[in-house]
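Notes follow once the structure below has been shown.
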There are 2 protein chains.
Amino acid sequence: MSAASIRTISIQEAVHGKNLAVAHENRERFGRCGILAANLLSSPGAGKTALLEATLRDTHISMPSAVIVGDLQTDNDAQRLGRWGATAIQVTTGDICHLDAGMVQRAVAELDLASLSVVYLENVGNLVCPTSFDLGESLRVALVSVTEGEDKPLKYPGAFKWADLILVTKIDLAAAVGFDRDTAITNLKRVSPAAQILEVSSRSGAGMEQWYETLRGRLPARERKP
Amino acid sequence: MSAASIRTISIQEAVHGKNLAVAHENRERFGRCGILAANLLSSPGAGKTALLEATLRDTHISMPSAVIVGDLQTDNDAQRLGRWGATAIQVTTGDICHLDAGMVQRAVAELDLASLSVVYLENVGNLVCPTSFDLGESLRVALVSVTEGEDKPLKYPGAFKWADLILVTKIDLAAAVGFDRDTAITNLKRVSPAAQILEVSSRSGAGMEQWYETLRGRLPARERKP
């Protein structure tokens, strides 16, 4: 290993150490406020924003929610998500390919946590970089759409291995793309044996009630000391 | 900016400088051998491997080809690509989210360049990290599938801005996903005004002849001095 590689790695470790410390603060803060914080990871276009649009439409009244959404460029997602009355804060990451705990901490400062039950952290669309950045979430959700191919869990194991919950999205397209469900589920279980797996479609509504039930079941007991 | 950030950036610059030097060597070597080297970038699941499978099936005899394929894990893609008689070399990148020029250089050493017309460099599925690593290619191809949403060029401009050619893939699914072609093309042209745009489907074959024509038109004059 070259000197440059060793230096790069030691700086990466410092970056991750700093991130973990801030993630710990975020997690404590969310916990104190009785907030479920869900970190959503996927490829670009797997349907994170569409999932959250449907989720806010159907649950924002019973579970007041906010979204912190990371993108390299544009605030399109925050605009889409703002329609349902929830606060949506766009974090423009420039050329950084993931949210980090510090970005989340600064965005959280703009939220009235006492009025909220859920904060969704919609990560930058990427199956690699976001996987090693703890944001202080209590629920990590990985999405994979039926259009991406059944092999994705094996090719990008880091994205799925640490997920508490895996959503197989766009199942309304399963027949059109010749989705091999058995292979996909086998591959997911191989990489992430303990994760709960749900099959959903934001468009048809299939499986969405189960997703909402899972969210409700994960809400922490409230202590309300923001 | 903190001292750690400045150090991180200066090391990144060193990494990119080293990469550029090796990319230059690769480009010279490909040029000397009359090889078209095409770097393919996209999200995971946009259809790079399916495109290359169809391309090898239809053109490997007229344009002898090899593929260097990058993945975090697994050699599934090389196995899929090997079926058509082309050499497919898998580069397993571990936790590195892109190919770099050095990985390509080491893989190229295993190829008989004198017998080849085209070397495809199938990058790791990722719209962020691969964009800033020149591999020594003469053609950069960005793929975006109709299932990913029309906004992707605006959200991940780096992936499209430097592309010579953009392939809109899976157009056989355009109707099923309600693909808004006009918006997608407008967004692509906004980010990448000079790139050629083709709409293709590896499954139905639509647009594939145009893609092959583009490849043929890009073949350099041969000098055969490997």
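Numbered from 1 within each chain, the chains take letters A, B, ... in sequence-line order. Only this structure's heavy atoms are used, side chains among them; waters, hydrogens and symmetry mates stay out.
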| query | Side chain, backbone, both or neither: which part of A:V124 has a non-hydrogen atom closer than 4.5 Å to chain B? | reply | both

| query | Is it true that atom CZ of A:R190 has more than 12 heavy atoms of other residues, nucleotides or ligands lying nearer than 6.0 Å? | reply | no

| query | What are the residues of residues 127-142 of chain B, in order of number, with any heavy atom under 4.5 angstrom from a heavy atom of chain A? | reply | B:L127, B:V128, B:C129

| field | Most contacts with chain B, counted as non-hydrogen pairs under 4.5 angstrom, among A:V144, A:V177, A:T49, A:D172 | value | A:V177

| task | Determine yes or no for a side-chain-to-main-chain donor-acceptor pair under 3.5 angstrom, with B:Y156 supplying the side chain and A:G125 the backbone. | result | yes

| said: Checking an interface table here. Which of residues 87-99 of chain B come within a heavy-atom distance under 4.5 Å of chain A? | reply: B:D95, B:C97

| query | Looking at B:A176, B:S145, B:G149, B:A50, which one has more heavy-atom pairs under 4.5 Å with chain A than the rest? | reply | B:A176

| task | Mind checking the OG1-CG spacing from A:T74 to B:N187? Nearest 0.5 Å is all I need. | result | 10.0 Å

| said: Please output the residues of residues 38-45 of chain B in contact with chain A, using a heavy-atom cutoff of under 4.5 Å, in numerical order. | reply: B:S43, B:P44, B:G45

| request: Could you tell me whether a side-chain N or O of A:K170 sits under 3.5 Å from a main-chain N or O of B:T147, the two making a donor and an acceptor? | output: yes

| message | Can you tell me which portion of A:K152 sits under 4.5 Å from chain B's heavy atoms? Options are side chain, backbone, both or neither. | response | side chain

| message | Quick check: closest heavy atoms across A:R80 and B:D151, and the distance to 0.1 Å? | response | NH1-OD2, 4.2 Å

| message | Suppose a student defines contact as a heavy atom less than 4.5 Å from any heavy atom of chain B. Which residues in residues 197-206 of chain A would they list? | response | A:R203

| query | Does any non-hydrogen side-chain atom of A:N126 lie less than 4.5 Å from one of B:N126? | reply | yes

| For the student: nearest non-hydrogen atoms of B:K155 and A:D71, plus distance | CE-OD1, 2.9 Å

| remark: Applying a strict 4.5 Å limit to non-hydrogen atoms, the region of A:L173 in contact with chain B is side chain

